[in-house]
2 protein chains.
Amino acid sequence: MAGPEEKHENASPRSLPTISDVARHAGVSPMTVSRVLSGGHHVSAAMQRKVENSVRALGYRRNESARSLRPGHRSGLVGVVVTNLTNPYYAEVLDGIGEILGEENRRVVFGTSHEDFEEEARLVADFVGRQAEGLIVVPSGGSAEHLLPEQRHGVPLVFASRRQEGVDVDAVLVDDVRGAEEVTRLLLDEGHRRIAFMGNALSVFTGQRRYEGFERAHLAKGVPVLPDLVRRGQQDVHAAGLTAHELLALPEPPTAIFSANNRNMIGVIKALYDVGRERGVDMFARVRLAGFDTFDLEELVPGDLSIVTHDARELGRTAAELLLSRLQGKRVDRPSRTIELPSSIRTRRRGEAPLAQA
Amino acid sequence: MAGPEEKHENASPRSLPTISDVARHAGVSPMTVSRVLSGGHHVSAAMQRKVENSVRALGYRRNESARSLRPGHRSGLVGVVVTNLTNPYYAEVLDGIGEILGEENRRVVFGTSHEDFEEEARLVADFVGRQAEGLIVVPSGGSAEHLLPEQRHGVPLVFASRRQEGVDVDAVLVDDVRGAEEVTRLLLDEGHRRIAFMGNALSVFTGQRRYEGFERAHLAKGVPVLPDLVRRGQQDVHAAGLTAHELLALPEPPTAIFSANNRNMIGVIKALYDVGRERGVDMFARVRLAGFDTFDLEELVPGDLSIVTHDARELGRTAAELLLSRLQGKRVDRPSRTIELPSSIRTRRRGEAPLAQA
DNA sequence: CTGTTAGCGCATTCAG
DNA sequence: CTGAATGCGCTAACAG
């Protein structure tokens, strides 16, 4: 594998300069360099300059790994695990997290679990091994076992968007149940009696909660939920599209579809568009849409659409702030808390679509 | 700030167990633990079990910082800087990067520069300090100064999507010039003579290149580019929307708009929609659209639309692969190379919009 | 103001 | 097969 040489060359031929290199170059002791680097207090101006010049000359950067080895030192690292970065919703959450952590000069090691519990566990373990001081996780569901050691060691953890049973930590959630219930009620009040549900598996927190809201609205109205119209586990736009096609091909297709997240909604819309073209009919007039999460170009949907909206970036920010307050020791040993961010419902009617009035 | 205690408590009350803790717990020497952790060769089965039990009991995780301090050891960390995570395009790129690096069990420290050169420089410096073995950067433009020290130290760097003058490194790009030229020619061939350009600042690589293509098509056709219709620097959907509104409010508005990236395109579409509603006319019939980058729900745009498409995820994957080949020493000291990914043009005509046939 | 000593957690080297 | 010594880069704590 390696070259013919005995001592297998490293990928980086030249290794990074150390504090000793700088010291040698400047003709001072490593300690003086260290002092200059950490603010330059109690160091003469002359030394300061010499050291600074050497630092520049060598392109020296303090080795954070070595630094964080010292007792009492912080790594400044936070581990973040999301389930699917391709969902603009989570990209927004991550951006919000980065915004707040960046202000404190902390960095993000980041990984995508792809809704895979094993991968999530691997990432969490790895991040802790890398001395991440805290974790923000969108749990994929399954269990909380992988988080128990971290808990015991006092590594602060915040759940974002979802929560996992079996471990008691801070969480930032959306009022899934209420949002789903209200928007479903809207459909029921409009007279819909065959409403499809497309969402995450029941093992996923939001999958459970949003379905619960969906169900509650039905119960309150005395309308049965139709099992045939409940579809779960579509992970991406493509899968959601296939499922929507199935629903639309039923002998008695739904008159409304509730998409419990962003990716499902996009898939449904694409399917309506496709089927409409195939059959030469306006499917958006036949199927009422409702769902969770905003998306680009909502206004172009040529039919009635109700969206349960909340601020994904704000959710990320809040999660980061919760974590920071623990990291700064403000809330150590205080009980965990869950923040439910408010959501609101936005409805756009068919008449507002651009071509309807053309 | 801190509590009343003398020794200010750390955020994590209990600190992470070390290899010595495990050794003590198992009644062996740290060295035996180390051996077990790194494969368990030359260790008796009995010891193995004891150590493994202790590891589990204590929830021990190897300290990667300490580990990567040892000579010859890799951190397994790669630093990634993107300009704007909120753009689904870059989210996709990042996901592609993560996919490839994850296969090699490497992790990503990640930051968003928000097109700010200073921030980009800070992130790069920080990542190198954290012992990132390599970097993937979407350069915000400005200069390459911040990258020269890394270069000297042999930290492999790959540019993604954009390139920066002044430093000679691998890059994965899109054939911006050709794509922009061809799609612009399409508009010119359709007879458009007032085509607006909305893109990045000229200081941004793609801003320069995509404008170049736009200009070339005009030159080839002998049609002048109208300076009034060239708008640059809109960073997000909102800003792009405002600019589009301005263009549409001109005494002689453009008959076509070329959006040089995803965020501009979305802003333009929203503006057309809004103006259409205000004026009660179908703006999508009056303004021909073209641009770079796919987006969700393209099919709902109720007018002619041409998109220069390329695979963002594949771009990310390729960047990661280039980096890996350097990290694995396969291409050390080989000249840098630039890969231009192919793009294709997809055109969707108005007649294909869902409501047009309703 | 400057330098020396020592040790953070780990694994390579060498002894046993 | 197991353990003791050593040093990676850095900085508190203590000289001088």
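Below, chain A is the first sequence line, B the second, and so on; all start at residue 1. From a predicted model like this one, the values you see are computed outputs, not experimental measurements.
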Item checked: With sequence neighbours excluded, residues passing side-chain contact (heavy atoms from CB on, under 4.5 Å) with A:R35 -> A:M31, A:V43

Margin query: List the residues meeting salt bridge (charged side-chain N to carboxylate O under 4.0 Å, His left out) with A:D116, not counting sequence neighbours, and say none if there are none.
Written below: none

Check: When all nucleic acid strands are considered with a 4.0 Å heavy-atom cut-off, which category describes A:R67: base, sugar-phosphate, or nothing?
Finding: sugar-phosphate

Notebook entry, point to check: If we ignore angles and hydrogens, is there a donor and acceptor under 3.5 Å between the side chains of A:S65 and B:R130?
Noted result: no

Note to self: It should be established whether B:S44 places a side-chain nitrogen or oxygen under 4.0 Å from OP1 or OP2 of nucleotide D:dT2.
What the structure shows: yes

Note to self: Contact list please: residues 27-35 of chain A against DNA chain D, heavy atoms, distance less than 4.0 Å, in numerical order.
What the structure shows: A:M31, A:S34, A:R35

Next item on the list: Please tell me which of A:R70 and A:A45 maps to the more 5' nucleotide of DNA chain C, matching each residue to the nucleotide holding its nearest heavy atom.
Entry: A:A45

Checklist line | Proximity to the side chain of B:M47 - top-ranked nucleotide from C:dT2, D:dT2, D:dC10 | finding: D:dT2

Checklist line | Partners passing salt bridge (charged side-chain N to carboxylate O under 4.0 Å, His left out) against B:D168 (at least two apart in sequence or in another chain) | finding: none

Table please: side-chain donor-acceptor pairs of residues 44-51 of chain B below 3.5 Å, with sequence neighbours left out.
| from | atom 1 | to | atom 2 | distance (Å) |
| --- | --- | --- | --- | --- |
| B:S44 | OG | B:M47 | N | 3.3 |
| B:Q48 | NE2 | B:G40 | O | 3.0 |

Next item on the list: May I ask you to evaluate whether A:R62 reaches the phosphate of D:dT11, defined as a side-chain N or O under 4.0 Å from OP1 or OP2?
Entry: yes

Next item on the list: Could you tell me, to 10°, how much the axis swings from one end of the helix from C:dC1-D:dG16 to C:dG16-D:dC1 to the other, five pairs per end?
Entry: 50°

